[in-house]
Participant: 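Sharing a structure with you now.
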Amino acid sequence: MGKFLKTGKVVLLLQGRFAGRKAVIVQNSDNGTKERKYGHALVAGIDKYPLKIRKSMSKKRQAFRSRVRPFIKVCNHTHLMPTRYTMEMDKDLKGKVSVAEDSKKVESKKLVRAMFQDRYKAGKNKWFFQKLRF
């Protein structure tokens, strides 16, 4: 069986606090590490999706409702469901995302949030920024 959980693949989380949320694989480890002896991936996803906006709303309100709140998490491969979608990751994002320490995690979340905001405002990957309805 080929490796299909690669960097940039859009997945759905199946277990835990963020179950049912969409995420993107940032780093992947198929064989595991010393700390985690199972296949796992570092994912960045959307905790709070942007809300609908209308022309009649003020610019301030439109900016507030179009914000994206991200999350970063290490997930077991069995808790991920891959989709057919992929997302190109920014070059500056690939090596800088880390969850080893709290300070690094906060900085990583800021980087991910900026990337998601730019993508949302540019109109790229529209499916990724819509709430999953089921």
Side-chain angles (χ1 to χ4, degrees):
M1 191 164 117
K3 307 286 185 200
F4 53 90
L5 291 174
K6 296 180 182 174
T7 302
K9 185 67 133 173
V10 177
V11 295
L12 298 176
L13 298 181
L14 302 175
Q15 299 288 325
R17 178 179 174 189
F18 300 110
R21 304 282 181 173
K22 295 174 193 164
V24 175
I25 296 177
V26 179
Q27 294 172 353
N28 189 26
S29 175
D30 287 322
N31 299 328
T33 60
K34 278 189 175 181
E35 302 88 38
R36 295 180 171 90
K37 297 186 186 330
Y38 48 86
H40 59 277
L42 176 66
V43 297
I46 298 181
D47 184 15
K48 186 176 178 186
Y49 291 93
L51 301 170
K52 287 185 179 180
I53 57 172
R54 292 184 278 296
K55 286 183 182 177
S56 61
M57 292 180 182
S58 66
K59 295 289 181 190
K60 181 180 176 184
R61 186 168 184 138
Q62 285 182 4
F64 182 79
R65 290 175 69 94
S66 62
R67 289 190 303 180
V68 177
R69 183 190 297 162
F71 67 86
I72 299 172
K73 186 176 183 172
V74 178
C75 289
N76 191 334
H77 282 175
T78 59
H79 300 156
L80 302 175
M81 185 172 83
T83 63
R84 63 182 177 168
Y85 299 100
T86 57
M87 183 184 285
E88 292 181 22
M89 304 298 286
D90 293 341
K91 302 247 188 283
D92 57 331
L93 190 69
K94 283 190 180 178
K96 294 186 179 178
V97 177
S98 174
V99 292
E101 300 172 14
D102 286 340
S103 60
K104 287 184 179 179
K105 189 172 181 178
V106 169
E107 292 300 318
S108 298
K109 269 176 106 170
K110 287 179 184 175
L111 285 171
V112 169
R113 181 178 181 180
M115 186 197 76
F116 283 168
Q117 287 287 135
D118 293 341
R119 293 217 169 236
Y120 177 70
K121 288 181 180 170
K124 296 179 180 177
N125 307 102
K126 287 188 177 185
W127 179 81
F128 186 72
F129 295 105
Q130 294 172 355
K131 237 181 187 178
L132 195 63
R133 302 286 182 186
F134 62 92

Participant: Testing the basics here: between Y120 and L51, what is the closest heavy-atom pair and its distance to 0.1 Å?
Facilitator: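 Y120 and L51 have their closest heavy atoms at OH-O, 4.2 Å.
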
Participant: Evaluate whether atom CZ of R61 has more than 12 neighbouring non-hydrogen atoms of other residues, nucleotides or ligands under 6.0 angstrom away.
Facilitator: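 No, not enclosed.
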
Participant: Please list, chain by chain and in numerical order, all residues satisfying ring pair (Phe, Tyr, Trp, His ring centres under 6.0 Å) with Y38, sequence neighbours excluded.
Facilitator: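 Scan of Y38 (ring pair (Phe, Tyr, Trp, His ring centres under 6.0 Å), adjacent residues dropped) gives H40.
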
Participant: Quick one, K59 with Q62, criterion side chain to side chain contact (heavy atoms under 4.5 Å, CB included). Give me CA distance, side-chain angles, the key distance, then yes/no.
Facilitator: CA-CA 5 Å; K59 295 289 181 190; Q62 285 182 4; 4.3 Å; yes

Participant: Does K124 use its side chain to pair, donor to acceptor, with the backbone of D118 at less than 3.5 Å?
Facilitator: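 A pair under 3.5 Å: no.
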
Participant: Do the side chains of Y49 and I53 join up, straight or via other hydrophobic residues, at under 4.5 Å, putting them in one cluster?
Facilitator: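 No.
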
Participant: Compare every heavy atom of Y85 with every heavy atom of K9, then report the nearest pair and how far apart it is.
Facilitator: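 Answer, listing the atom of K9 first, then Y85: CD-O, 3.6 Å.
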
Participant: Considering all heavy atoms of both residues, which atom of L12 and which atom of T83 are nearest to each other, and what is their separation?
Facilitator: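 Nearest pair, atom of L12 first, then T83: CG-CG2, 4.1 Å.
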
Participant: Look up atom OG1 in T86 and atom NZ in K6, then write down how far apart they are to the nearest 0.5 Å.
Facilitator: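 Reported value, rounded in 0.5 Å steps: 11.0 Å.
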
Participant: Which class fits the ring pair F116 and F129: parallel under 30°, tilted 30 to 60°, perpendicular over 60°?
Facilitator: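 Ring orientation, 0 to 90° scale: perpendicular.
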
Participant: According to a hydrophobic-cluster definition based on side-chain heavy atoms being under 4.5 Å apart (Ile, Leu, Val, Met, Phe, Trp, Tyr only), do M115 and W127 belong together?
Facilitator: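 Hydrophobic grouping puts M115 with W127.
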
Participant: Do L80 and L13 pass the side chain to side chain contact (heavy atoms under 4.5 Å, CB included) test, and can you show the C-alpha distance, the side-chain angles, and the key distance before you say yes or no?
Facilitator: CA-CA 5 Å; L80 302 175; L13 298 181; 3.1 Å; yes

